[in-house]
Amino acid sequence: MSSQKIQAIRGMNDILPTQTPIWQHIETTIRQVLHSYAYQEIRLPLLEATELFNRTIGEVTDIVEKEMFSFTDRNGDRLSLRPEGTAGCVRAGIEQGLFYNQIQRLWYMGPMFRHERPQKGRYRQFHQIGAEAYGLAGPDIDAEIILMTARFWRQLGLNDLELQINSLGTAAARAAYREHLVNYFSDHHKQLDADSQRRLHTNPLRILDSKNPDMQTLIEGAPQLLEHLDEPSQTHFAMLKQLLDQAGVNYRVNPRLVRGLDYYNRTVFEWVTQKLGAQGTVCAGGRYDTLVEQIGGRATPAIGFAMGIERLVLLLDAEMPNNAPHIYLITVGDEGMQQGFRLAETLRDAIPKLRLLTHCGGGRFKSQFKRADKSGAKIALVLGEDEVAKQQVTVKYLREKQPQLSLAQSDLVHYLKENFFSDS
RNA sequence: GUGGGCGUAGCUCAGCUGGUAGAGCUCCGGAUUGUGGUUCCGGUGGUCGUGGGUUCAAGCCCCAUCGCUCACCCCA
């Protein structure tokens, strides 16, 4: 590779035709489930004022300073490519009055951008599908959201994801717990690794997430958030678990499941897999009752989640739906080509579901049949000199032992409908 | 930002102690003048990521640099 060759931006991937069928399959499946819960699509800009993200995640300086795609436009405004969907959704909801004494169940889908070092399942442009419910404070909507995600995996045929849930309580309860935790880890300061000593000052809850094996016994002994929950949060969490139990959804309460940002409260959940290396979270969600107010709206309870499509693609890679054409049309000579085009358009008019690939570029029968085979088509239609002269078409089966046959061109639509598309 | 692994044909990769660049797949053509998939034969395709150095000689050794990848950090 010459260094002058123009390449894609690091961490931004081309999704090639071999991959798009699985993307389409995931998108349509998830969309269908979202509609079955009566969630409504919202489409939002990819670009927002940097200030919007500063307000929501501003307390974590690393994210704002290093991990967003931000720039100054010609007017001198600071803009950022959206690193996630919630901030823009909340902004739009406030701006358009969607939250004013209203309940909203919304979903979105699209690319997000994070300026991080790429690794497996983690890219600079990645794609999320998310859903958010506004205006509901109770555990019932938490359960609805989680049940909906469980249905996604059933519909997609993913059965080895684990649901982990936890409650972070209220901000006040968490602040109190945070003090307990800091005291505990400070007492064992010498056992903390360098990263965790830093976290002690920046985000002590994150120490619980440490991957360092040497830290695990210390973490086991740490005070647990669930034991320091305020009473209403305990009730809320208990009811959520009851609703999940009733629905037959399995889960594991993971007391160490925390969030990097402060605006989360009460319910948090993740669907995780062991199959994707270090990036095992396929879907993550939680309640953020203070976020709307934080961005400048009236206090509005909210819960939402987002899932990474790339990770679903990695998990579902083996089972690609078949998008091969049904029919490959072979023609020889100018007359054949002309009749072929007319015939092809007639077929597409008559059978909208038909995937018909018309040979282009000329060539002899042999090479055209080779391409017909490679295309994956079930049937080759042949229009050579003989057929043209008789207004016929030859039907040859490429995948099964059946003698080829010749039909009048005018009978072809009937023949195909009869044998392959009886329902259309 | 930090650390490991890897850059050789469109793809997957081999290349010994430094001695003229290889295979499989793909693609094109032929065996078969209107019939694919199996088989056989032939062909196209390379600045060995890039730049420098050592050497009679570098894909291989040394330095630098770019890229990919996995992990750490972070995780909205």
Side-chain angles (χ1 to χ4, degrees), chain A residues 1-11 13 16 18 52-68 80-90 112-123 126 128 130 193-196 198-199 202-203 205-206 209-212 258-264 268 270 276-281 284-286 288 291 304-306 308 328 330-333 336 359 361 363-388 394-401 403-404 406:
Chain A
M1 297 291 155
S2 156
S3 57
Q4 298 170 344
K5 184 180 260 179
I6 297 175
Q7 287 176 277
I9 306 304
R10 179 202 299 272
N13 300 313
L16 300 177
T18 51
L52 172 65
F53 303 113
N54 287 350
R55 281 237 213 134
T56 58
I57 56 189
E59 66 266 30
V60 184
T61 51
D62 249 29
I63 291 180
V64 169
E65 286 169 14
K66 293 180 187 166
E67 300 185 356
M68 293 202 302
S80 296
L81 288 168
R82 62 181 187 187
E84 49 108 13
T86 301
C89 189
V90 170
M112 308 291 165
F113 303 85
R114 297 182 187 175
H115 199 277
E116 303 171 297
R117 212 31 107 74
Q119 60 192 75
K120 187 181 179 68
R122 183 179 196 176
Y123 311 102
F126 61 104
Q128 284 188 331
D193 60 15
D195 283 328
S196 293
R198 177 171 42 74
R199 291 185 188 117
T202 57
N203 196 345
L205 268 65
R206 275 265 144 192
D209 255 357
S210 172
K211 290 173 183 167
N212 187 343
V258 295
R259 290 280 114 109
L261 300 188
D262 269 347
Y263 60 68
Y264 286 98
V268 290
E270 291 188 4
L276 294 180
Q279 308 299 325
T281 302
Y288 33 87
L291 184 60
F305 67 87
Y328 192 102
I330 289 171
T331 67
V332 166
H359 180 87
R364 296 173 315 171
F365 278 102
K366 185 183 175 63
S367 61
Q368 293 200 36
F369 270 103
K370 270 191 170 177
R371 296 217 183 164
D373 180 56
K374 288 213 66 169
S375 78
K378 239 193 265 228
I379 292 173
L381 294 179
V382 183
L383 278 180
E385 281 177 25
D386 298 350
E387 289 88 349
V388 165
T394 295
V395 178
K396 172 169 172 123
Y397 288 82
L398 296 170
R399 312 283 155 208
E400 47 197 303
K401 278 198 175 169
Q404 71 181 42
S406 289

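In what follows, chains are A, B, ... by sequence order, proteins preceding strands, each numbered from 1. Source: prediction; values computed, not measured.
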Original post:
Does the side chain of A:Asp373 come within less than 4.5 Å of A:Gln368's, by heavy atoms?
Top reply: no
Subject >> Identified pairing partner of B:A71, criterion: Watson-Crick or G-U wobble below 3.5 Å >> reply: B:U2
**OP:** Please check if the side chain of A:Arg114 supplies one atom and the backbone of A:Pro83 the other of a donor-acceptor pair under 3.5 Å.
**Re:** yes
Subject >> Per A:Lys370 side chain, nearest of listed nucleotides B:A71, B:G37, B:A76 >> reply: B:G37
Original post:
Is any side-chain nitrogen or oxygen of A:Arg259 closer than 4.0 Å to OP1 or OP2 of B:C74?
Top reply: no
Subject >> For B:G7, the Watson-Crick or wobble counterpart (both distances under 3.5 Å) >> reply: B:C66
Original post:
Is any side-chain N or O of A:Gln119 closer than 4.0 Å to OP1 or OP2 of B:A71?
Top reply: yes
Original post:
For B:A76, does either OP1 or OP2 sit under 4.0 Å from a side-chain N or O belonging to A:Arg206?
Top reply: yes
Subject >> Minimum-distance nucleotide to A:Arg364 side chain [options: B:G29, B:C75, B:C27] >> reply: B:G29
**OP:** Return the value, rounded to whole Å, for the distance between atom CG of A:Asp193 and atom P of B:C74.
**Re:** 9 Å
Original post:
How about A:Ser196 and A:Arg199: does a side-chain donor come under 3.5 Å of a side-chain acceptor?
Top reply: yes
Original post:
When the P atoms of B:U65 and B:G46 are considered, how many whole Å apart are they?
Top reply: 30 Å
